[in-house]
Structure formats: structure tokens, C-alpha cells
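Below, all heavy atoms of this structure are taken into account, side chains as well, without hydrogens, waters or symmetry copies. Counting convention: from 1, in listed order, for ligands and their atoms alike.
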Amino acid sequence: MPDLEAIRERVLAVRERLSEIRPDYRVRLMAVTKFRSREEALAAVQAGADVIGENRVQEARQKWESEKPPCPLHLIGQLQTNKVKYGIQLFDVIESLDRPRLAEALTRGLNEPFPVMVEVNIGREATKAGVLPEAVGEWLRQPDRWTRLKIIGFMTVLPAKRDKSLAEERRIRHYIREMVDLWQAMRREQWPWAPLDHLSMGMSEDWEWAVEAGSTQIRLGTTLFGPRPGDGQGP
Ligand SMILES: *Cc1c(COP(=O)(O)O)cnc(C)c1O
């Protein structure tokens, strides 16, 4: 049996820490609920999580299709072009827009603007999805590509810490800073199709650093729910 009380307490603790670090604005707290039950996810929302994030369309359909969650539902994992229809139906925001082909497939399935975040591979890691930081500007500045997508922000999965050393902390904080700089530079362009109000950055390992630097949304799994079942890591 999941310990729902423990989940609620962890959400409250994170919320408290968020308002300490950022008394100036409310950081959006996403509960990442891959491999978690509906009731665990709902306990987190009840205690103060603002958004639910799911990685897989199939899992999200099973959990949320017949009874929608009481908060926005975001997709944060890879979307295959043949599942675009479900992506649009089920989710309020697709945060994992990671390639032009997916943007084209989404556009074909839409009649009116749909909110997305562009996923940036800020660490330039071969194993990670996302657009390289140096390619973001070129992709975003073309209005004919963005007729039915509204780019409300950037999402990034930071490189993982290799150990708990200060050198690693510096390395991760460097990517965080680079991501904030890129976000701010793109916002200054003021493209009507890309208001870029959100920066979805920070997971269980690094969320405090991300929030200190200006992240507007963090995505927490392990910190709220404990280690994931199975391999403990997930995707
Ligand atoms: C799993 C996952 C998270 C949450 O990871 P934790 O380290 O458990 O907090 C956040 N974002 C994405 C894209 C994920 O896949």
C-alpha cells in the first residue's frame, strides 16, 4: 500500500522550500507520476502539486483517459508521430517537443493553437532527446512552422550528477545557467507564437539549484513518491 500521508508531507515540504527560495513568484510543482497509481498522484495534487506529468502516452491513457485529473496533465516523454492524436486529446501541454517532424505531425492534427514546450538538450548528450541549444533560435524564428503551436516555454532534462562533489555541482549549475540564458535570449525576441513564459527545469537531484537560477516549474518524481518500482530509475 502506498503511504499517501508520506506523499502529502513531502509535497508540503517541497512547497515550503520553494517559497523560501523564491518568495517572489509561485514555482509550478509538477508531480511526475510514471509507474504511480492514480491515488498516489491525486494525493500529491491534493497536497499542493499544480500539474501532473506523465512520460508515456499508453500509461497516461490507462490512468487518466476515462477520468481526467483535477489539474493540468503534461506530457514529458517522447511522443511518436503515430500517437499524436492521443497526445493532443489527453494532454493540456506537450513539454517534449523535441524535433521538427513531431511539430509537423502535431500541426497536421490541430485546428487551433496548442501549447507546447520545446525540449532542449542543454548538456548536448547523445543519450538524450531535445534540440541542441545552438539550433533552437533557428527553429523558433520561422513563423510558418508555428501556425498551430504556441510555444509557452522550454523544458530540459539536465545532465545527471556523477557524484556528490563540488565539481559536479559546479558542472550542473553551469548547464542551468546556460539554459536560463538561452531562455531569456529567446524571450527577448518576443515572437508572437513563442511567449516562452515557462522554464521547466529541475528534477529530484537538482531542483533547488534550478529554482535558485530562475526555473518556473520543477518536475519531481522520486522526491515526492520515493524510489520508483522496478529498476528504480525509469526513463
Ligand atoms: C522521470 C522524470 C522526471 C522526474 O524524475 P525524478 O528524478 O524522479 O524527480 C522529470 N522529468 C522527466 C522528463 C522524467 O522523465
If we only consider heavy atoms of [X], is any one of them less than 4.0 Å away from an atom in ligand 1?
| X | answer |
| --- | --- |
| L220 | yes |
| E205 | no |
| E95 | no |

Checklist entry - With a 4.0 Å heavy-atom cut-off (strictly under), which part of N55 contacts ligand 1: side chain, backbone, both or neither? => result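 Side chain only.
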Checklist entry - Does W64 use its side chain to pair, donor to acceptor, with the backbone of F91 at less than 3.5 Å? => result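 Answer holds: no.
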Checklist entry - Is a side-chain N or O of S204 found less than 3.5 angstrom from the main chain of T223, in a donor-acceptor match? => result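 Yes, S204 side chain to T223 backbone: donor-acceptor pair under 3.5 Å.
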Next on the checklist: So, regarding G221 and ligand 1 (criterion: nitrogen or oxygen to nitrogen or oxygen, under 3.5 Å), is there a contact or not?
Outcome noted: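 Looking only at distances, the answer is yes, because the N/O contact criterion of under 3.5 Å is met.
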Checklist entry - Any N or O on T223 sitting closer than 3.5 Å to an N or O of ligand 1? => result no
Item to check | Heavy-atom pair with the smallest gap, counting every atom of D50 and V27 | outcome: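 Residues D50 and V27, closest heavy atoms: OD2-O, 3.8 Å.
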Checklist entry - Does one side chain, of S165 or E168, offer a donor that lies under 3.5 Å from an acceptor on the other? => result no
Next on the checklist: Distance under 4.0 Å to a non-hydrogen atom of T222: what atoms of ligand 1 satisfy this?
Outcome noted: 6 (P), 7 (O), 8 (O), 9 (O)
Item to check | Sole residue of K63, H74, R36 in side-chain hydrogen bond (donor to acceptor under 3.5 Å, both in side chains) with E54 | outcome: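 So the option named by the test is K63.
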Checklist entry - Quick one: do M179 and M117 end up in the same hydrophobic cluster if we chain Ile, Leu, Val, Met, Phe, Trp and Tyr together by side-chain heavy atoms under 4.5 Å apart? => result no
Checklist entry - Considering M203, H74, Q78, which one's heavy-atom position lies nearest to atom 3 (C) of ligand 1? => result M203
